[in-house]
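Structure first, commentary second.
Because the structure is predicted, anything quoted here is derived from the model rather than measured. The chains referred to below are lettered A, B, ... by the order of the sequence lines, with proteins before strands, and numbering in each begins at 1.
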Amino acid sequence: MPCISLTTDFGLSDEYVGVMKGTILSVNPNATMIDITHQVDPQDVLQAAGLIRSAYRYFPAGTVHLVVVDPGVGTGRPVLTAEGNGHRFVAPDNGILAPLRQDGVIRTVHRVENGDYFLHPVSSTFHGRDIFAPAAAHLSAGLSPAALGPAIPSAEMADLDLPTPTFSASGDLVGAVLFIDHFGNLITNIDAGHLEKWRNSARREKLMIKIGSHRIQGLSSSYESAGFQKPLAIIGSRGYLEIAVNRGNARQVLGAGKQDRVRISKTE
Amino acid sequence: MPCISLTTDFGLSDEYVGVMKGTILSVNPNATMIDITHQVDPQDVLQAAGLIRSAYRYFPAGTVHLVVVDPGVGTGRPVLTAEGNGHRFVAPDNGILAPLRQDGVIRTVHRVENGDYFLHPVSSTFHGRDIFAPAAAHLSAGLSPAALGPAIPSAEMADLDLPTPTFSASGDLVGAVLFIDHFGNLITNIDAGHLEKWRNSARREKLMIKIGSHRIQGLSSSYESAGFQKPLAIIGSRGYLEIAVNRGNARQVLGAGKQDRVRISKTE
Amino acid sequence: MPCISLTTDFGLSDEYVGVMKGTILSVNPNATMIDITHQVDPQDVLQAAGLIRSAYRYFPAGTVHLVVVDPGVGTGRPVLTAEGNGHRFVAPDNGILAPLRQDGVIRTVHRVENGDYFLHPVSSTFHGRDIFAPAAAHLSAGLSPAALGPAIPSAEMADLDLPTPTFSASGDLVGAVLFIDHFGNLITNIDAGHLEKWRNSARREKLMIKIGSHRIQGLSSSYESAGFQKPLAIIGSRGYLEIAVNRGNARQVLGAGKQDRVRISKTE
């Protein structure tokens, strides 16, 4: 049973997602469709890129991941299908797949430009329905990506400016809040592996995490290990440092927002 | 694999939609269920009518479209099942299906009143679960609509007052914002075909679109063809004139709302 | 086709629900997954307990109900799987299943602790993905609960403090608003059977329902039987007394909130 995952910024209040699924089912009645989310912030390519990067690996091998956050719809921006690690991706060529390329996941890339597989007439505002959905459906039914368009080198894919942590003059690690989840957890761009490496460069020092005027001592191993409504730092399920509040909402309790700076110092 | 689409105003925070789906699956374990949306504004029959009118055609032939926006639940209002263009619809008789009748889609209509197919006891507040879901499930499993109740002439179905564009004394075309989507795009009641016909009556004049104090020159072919955060007019994916803002939210940027007037003049 | 229902407080804006479903599908590609809701108020165990209690029975026999509202994730709180009435439940041991035990639904209970069935490495923040989803998937594929861990007496399951109605000195029945649904309907903890029994203790008196400064005469049999935008009391689809407003939102119109007192008097 071929699986298609869907990630868009279409929201759930209009008919857009349902229409995409109806279109997919019209092409491949056996497709199993799983929503990753349709609530990417409108036109936030960076957020979508982070979501699919961390989510894809939990799906069965052979899954087609459809990612449509596409402010350039109706312009000449290419549509791509890429393959790697047994997974397939369909997305606009606007940087959404760049982190997967950077991680070494992407092996082959094709342009999606064979109109024989599109829904006609192709609108200028809803390629999700007219191009992306039918392309993903045909791929899930076994169509070769080469039938959709020519192979291109992955180096030709659009890039994405991924904010990465830096070091302060005093040797602190300085990252930022990249996403805020439904619980109000602040997900930073500080990778657990990166943090561990930096921390162990000398010896296993204690850490002090600063965000705004708040200071958090050390990493916790569970939300409940902090006091009630107290902030804590923890390695989250995506493998990045998160700031959370036990039984509370860190965004609200700490008054924090996207792009806020998170600074980590080693202490005695 | 029989498909059932679902359109309701039930929202996603309660158990209502899940319970309808569990009920459907209890009757027809092979049903594939696709949400169109459950976020129709509460009791907004007009909005639901517009959604199903534009969405149904993208589903596989044979799909049963369940539309439950039903302020009259628990009163004597009939429940209907209608058929046309290879699709089947199940909805309260409150005008939701009127645009499909007006478009000539509806061919046959039956009342749904055979209690043998209902869930008992039938509650007075949740016919979605007790009547609509089992009826749709049985139809998707191949039950003849005649088993659910008697055929009625489609002319007996409830009507719906669909606001249509008018002409001003000076010959302008005057429509209105009918819906606002998740992106803040303002979807008018001005049909693309209608607009094209009016525009070509003399020669292919340029158009000026006015909404509130804003003026937009001509139609765009993509969102990005307007300047950053600038308003534009475009034929949207439903085939109606939309007012949008490139990389922005037209509702917010233009301060616009449902029912706002949109006026189109021909210019030199 | 084995069915898994999902009830969480994960929301729909992150990848969490999609990742759980991908994980389930990786274990059991034939699972049919139905969302009950993912919008339980964050960490509101009581609300989740009420939802699954009223929703489970509408699903096909054999359904595995996955309920993850789990503020204690990453601590030592056990994970349970329970069985009764032909349904199976997987949830943290924090009281979510207590109403089902109280209703006599639960027959057998097992701890979920066999790491052979978990996703590794097990994170400390997302047991939904690493423990609950694979456990539910394996159960839906036919795994015996005994393979997941030892049986325990249901009396050992965590308890839940369920607010129940009381009687005033003057003999009034005093309940409270327990939930507010998407329509703004106020769902109380006053069970229809309980109410009927109390009311009939003498003779079938008329009822007067008071909430805040509002008084409602008698029970209605449909929303529309009250005047436009007028409040009414009705037995809702869960079998509890609800306060609603015809074609309106009772929360807004009555200015009511969760835990507000609802008092019922017998009148002549």
Exercise for review: Verify whether one side chain among C/T63 and C/H87 offers a donor that lies under 3.5 Å from an acceptor in the other.
Suggested key: no
Quick one: what part of [X] sits under 4.5 Å from any heavy atom of chain A, side chain, backbone, both or neither?
X: C/D9; answer: both
X: C/F10; answer: both
X: C/M33; answer: side chain
X: C/I24; answer: neither

Review point. What residue in A/L51, A/D181, A/I34, A/L12 has the most heavy-atom pairs under 4.5 Å with chain C?
Key: A/D181
Practice item. Specify which of A/G236, A/S54, A/S237, A/A244 makes the most heavy-atom pairs with chain C at under 4.5 Å. Key: A/S237
Review point. Do the charged groups of A/E224 and C/R77 touch, with an N to O distance under 4.0 Å?
Key: no
**Study point:** Pairwise side-chain contact, C/F118 with C/D130, heavy-atom cut-off 4.5 Å (strictly under)
**Key:** no
Practice item. Determine, stepwise, if the pair C/L100 / C/M157 fulfils side chain to side chain contact (heavy atoms under 4.5 Å, CB included). Key: CA-CA 11 Å; C/L100 291 168; C/M157 288 166 57; over 6 Å; no
Non-hydrogen atoms of chain C under 4.5 Å away: do they reach the side chain of [X], the backbone, both or neither?
X: A/I36; value: both
X: A/S221; value: backbone
X: A/D35; value: backbone
X: A/L6; value: neither

Exercise for review: Anything under 30° is parallel, anything over 60° is perpendicular, the rest tilted; go ahead and classify C/H65 against C/F89.
Suggested key: parallel
Point to revise | Neighbour count >12 (heavy atoms, 6.0 Å) for atom NZ, A/K230 | key: no
Point to revise | Interatomic spacing from CG in A/L186 to CG in A/L254 - rounded to 0.5 Å | key: 6.0 Å
